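In the text below, chain A, chain B and the rest are named by the order of the sequence lines, each starting its count at 1. It should be emphasised that the depicted structure is a prediction, and the values quoted were computed from it without experimental measurement.
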2 protein chains.
Amino acid sequence: MTGSVRLLLADDEHLIRGALATLLSLEDDLVIVAEAASGPEALAMARAHEPDVAVLDLQMPGADGVKVATSLRAELPGCKVLIVTSHGRPGHLKRALEAGVRGFVPKTVSAQRLAEIIRTVHAGNRYVDPELAADAIAAGDSPLTAREAEVLELAADGAPVAEIAERAALSQGTVRNYLSSAVSKLGAENRHAAVRLARERGWV
Amino acid sequence: MTGSVRLLLADDEHLIRGALATLLSLEDDLVIVAEAASGPEALAMARAHEPDVAVLDLQMPGADGVKVATSLRAELPGCKVLIVTSHGRPGHLKRALEAGVRGFVPKTVSAQRLAEIIRTVHAGNRYVDPELAADAIAAGDSPLTAREAEVLELAADGAPVAEIAERAALSQGTVRNYLSSAVSKLGAENRHAAVRLARERGWV
DNA sequence: GCGGCCTCCTGACATTTGTCATGCGGAGTG
DNA sequence: CACTCCGCATGACAAATGTCAGGAGGCCGC
């Protein structure tokens, strides 16, 4: 019924990208029209080749899969995006779906399974790995306000309050208040543990 | 000249392992005799199949590549270990070499290149990715004493001093002294930034 | 065996935090 | 319009952390 599905493959790891390209090419109805090793390159390739489905790694240098997906959605609405990831953090899934991504799978699936999912997505359906979906639902929505999240993010690399205050253009007292409320909302022992928790749940 | 090289492939990501298996099988002189998705499984498979070369992912559930390599060295001295990794942290390389690993490459290499390296390793030579080697040399040796490193590691998840002291069976004052000296040695602003730095350089 | 380094401790102090009460203006909701 | 959040702030206090000075014992190399 359909002709072949034209694919863009983006992953910064040569080994994996190449291997994947070979494996997917074995499927009769899939053809890889472009490959990319970075976010910007993926975008450029997509513009040049207008693939039916873009298979993007979540973590790439330059711009991550979700950012690329956002741009693609605007420029090539017909191109479906499928995100593949090693570390399935709940928050990423949410961000990805908001960016209009049509599929989200961990790298633990087999190539056959991936091929099927590519077809599913190409047919206009969505596919989200059940386990990741369950995690995302379990993690729920972020209880943090925008400011709390922002301050927490600035605290992520261990910067002292003074520096956070400066970078966020807030008073030190305010920063401490936000951190304090974030910490208590997350049930953490201190801000650093809070950062860790928020990271795990994908809230930062 | 030599017969075929018998390989064990271990990586927790099905997609990658499968793809890799297929690609490497295309090489006439390479044959995959076993696959594993975790550290312990890799060990069990190695015992059962006694491969010539074990290609291990650095990060796997159960036991990481280096731990597996250590065990393999003891149990199957004839089996050469080649570590493949996504995130090339300098410290890992050092630990790996100490564990008797014969090769260490990032996943950014191509499959052809990997095949060559497998042959190199099988022939009894060593191979370390030049870029990773350069990084490792640049990062140098850890300036931390064993205790400092231990305490810093316990501080990694944001635990308060009291907890660290308990877990390390030290007094709180001692813990603070170790942390303090570690922080100053690393030139960090506080212990959390120090943890980050030490992580980056592979010293924890 | 002496000096140097590491480990482990104590105690005191300055600084950085976390916590709480409180206030004010704006946005959104009922 | 009253009410409730959020953003932003102050100030004050308690607790955790960082910094110094010092001291004792152990191990190693010279």
May I ask you to say what B:Thr145 touches in the nucleic acid, namely base, sugar-phosphate or nothing, with a heavy-atom cut-off under 4.0 Å?
sugar-phosphate

To the nearest Å, how far apart are A:Leu144 CG and D:dG7 P?
11 Å

Please report the distance, rounded to the nearest Å, between OH in A:Tyr178 and P in D:dT10.
12 Å

With A:Val68, which of A:Leu58, A:Leu56, A:Val101 fulfils side chain to side chain contact (heavy atoms under 4.5 Å, CB included)?
A:Leu56

Rounded to whole Å, CG of B:Leu152 lies from P of D:dT17 at a distance of 14 Å

With the side chain defined as heavy atoms from C-beta on, B:Arg147 is closest, among D:dG7, C:dG18, C:dC8, to C:dC8

Can you check whether any acceptor in the base of D:dG18 is under 3.5 Å from a donor in the side chain of B:Arg176, or vice versa?
yes

Whether B:Asp57 and B:Lys107 form a salt bridge (side-chain N of Lys/Arg under 4.0 Å from carboxylate O of Asp/Glu) is what I want to check.
yes

Any donor-acceptor pair under 3.5 Å between the side chain of A:Asn177 and the base of C:dC20?
yes

Could you check how far CG of A:Asn190 sits from P of D:dT17, rounded to whole Å?
7 Å

Which whole-number value in Å describes the distance from A:Gln172 CD to C:dT15 P?
14 Å

B:Glu150 CD to C:dT7 P, straight-line distance once rounded to whole Å
10 Å

Do B:Val109 and A:His14 have side-chain heavy atoms sitting under 4.5 Å apart?
no

Taking the side chain of A:Val161 as its heavy atoms from C-beta onward, which of C:dT7, C:dT17, D:dG18 lies nearest to it?
C:dT17

Within this structure, what is the CG-CD distance for the pair B:Leu23 and B:Gln112, rounded to the nearest 0.5 Å?
7.5 Å

If each end axis of the helix from C:dG1-D:dC30 to C:dG30-D:dC1 is fitted on five C1' pair positions, the angle between them, to 10 degrees, is 40°

Pick one: which of A:Val33, A:Ile32, A:Leu7 meets side chain to side chain contact (heavy atoms under 4.5 Å, CB included) with A:His49?
A:Val33

Would you call A:Glu200 and A:Arg196 a salt bridge, taking side-chain N to carboxylate O under 4.0 Å as the test?
yes

Do any side-chain nitrogens or oxygens of A:Ser171 fall under 4.0 Å of OP1 or OP2 in D:dT10?
yes

Less than 4.0 angstrom from a charged side-chain N to a carboxylate O is my criterion; do B:Arg119 and B:Glu116 meet it?
no

To the side chain of B:Pro160, which of C:dT17, C:dC8, D:dT17 is closest?
D:dT17

Selected nucleotide, minimal atom distance to A:Leu170 side chain, candidates D:dG18, D:dG7, D:dA9:
D:dA9

Rounded to whole Å, the CD-P distance (B:Glu148 to D:dG18) equals 14 Å

Nearest-neighbour nucleotide for the B:Thr174 side chain, C:dG18, D:dA9, C:dT10 considered:
C:dT10

Qualifying residue, where the test is side chain to side chain contact (heavy atoms under 4.5 Å, CB included) with A:Glu35 and the options are A:Val55, A:Leu8, A:Leu9, A:Asp11
A:Leu9

Can you tell me if the side-chain N/O atoms of B:Arg191 get under 4.0 Å from OP1 or OP2 in D:dT17?
yes

Provide, to the nearest angstrom, the distance between the CD1 atom belonging to B:Ile164 and the P atom belonging to C:dC8.
15 Å

Let's see if you can work this out: which of C:dT19, C:dT7, D:dC8 has an atom nearest to the side-chain heavy atoms of A:Val183?
C:dT19

